[in-house]
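Below, read A as the first sequence line, B as the second, and so on, with proteins coming before strands; counting in each chain starts at 1. Only this structure's heavy atoms are used, side chains among them; waters, hydrogens and symmetry mates stay out. In this text the structure is predicted, and so the values were computed from the model without any measurement.
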Amino acid sequence: DGGITQSPKYLFRKEGQNVTLSCEQNLNHDAMYWYRQDPGQGLRLIYYSQIVNDFQKGDIAEGYSVSREKKESFPLTVTSAQKNPTAFYLCATRGSGGYKNIQYFGAGTRLSVL
Amino acid sequence: AQSVTQPDIHITVSEGASLELRCNYSYGATPYLFWYVQSPGQGLQLLLKYFSGDTLVQGIKGFEAEFKRSQSSFNLRKPSVHWSDAAEYFCAVDPYGGATNKLIFGTGTLLAVQP
């Protein structure tokens, strides 16, 4: 089954703790993205990667880190420096060939602070 | 400032009635335009897109949208709403026509459908 898998679906973070959100894809897409969604604010870009071993900051990168060691995987770490991490996090990939200008989304991870 | 505006935060329509969701953008060049739909607690699903050509585009689930360059708008329409259309709808813009593939999203319109 092709697609984008985000895990876990729900995640809880304690104060001062780093947590990592997983995003895996088997679509063979080169580019991957992380967005943060807050009620009434739409989606905001955290980080994106257009190729393995390369990534760029988005509009709200502070307090987050990423890696792109494999084409299939683009994990997001929410560090203790992110003071307001409670949000819904969405991973996306960008299509290839005739679909290269379209982004496809995973089902999301909801992060809450204990 | 460059932005994507969805002026209606929440809309309620009766089942079977027509629907129009508004989207305006402030980018100067001809951007790529998208409408996505999100059910509660889920990811986003692409409804339709506009890159170039015919300004009236058809999408999935009976939705269509019209690009009006003079009004910088890309409004989403459906002639007859079904209860299953209740969801949140997001307009998104790629300001540079695919050059960066970074999307700017509006704040969304939450659609409720009453029997």
Heaviest contributor of heavy-atom pairs below 4.5 Å to chain B, chosen from A:Ile102, A:Asp59, A:Leu45, is A:Ile102

If I measure from the heavy atoms of chain B, does A:Gln37 come under 4.5 Å with its side chain, its backbone, both, or neither? side chain

So for B:Leu44, is it side chain, backbone, both, or neither that comes closer than 4.5 Å to the heavy atoms of chain A? both

A:Gly3 and A:Asn26 have their tightest heavy-atom pair at N-OD1, 2.6 Å

Does the ring of B:Phe34 carry B:Lys49 above it, NZ/CZ under 6.0 angstrom from centre and within 45° of its axis? no

Is chain B contacted by the side chain of A:Leu90, its backbone, both, or neither, given a heavy-atom distance below 4.5 Å? side chain

Are side-chain N/O atoms of B:Gln45 and B:Lys61 paired as donor and acceptor at under 3.5 Å? yes

Side chain, backbone, both or neither: which part of A:Gln41 has a non-hydrogen atom closer than 4.5 Å to chain B? backbone

What residue, out of A:Gly58, A:Gly40, A:Gly108, has the most heavy-atom pairs lying under 4.5 Å from chain B? A:Gly40

For this output row, return yes or no: ring centroids of A:Tyr48 and A:Phe74 closer than 6.0 angstrom. no

For B:Tyr36 and B:Phe90, I'd like to know if the aromatic rings sit close, meaning centre-to-centre distance below 6.0 Å. no

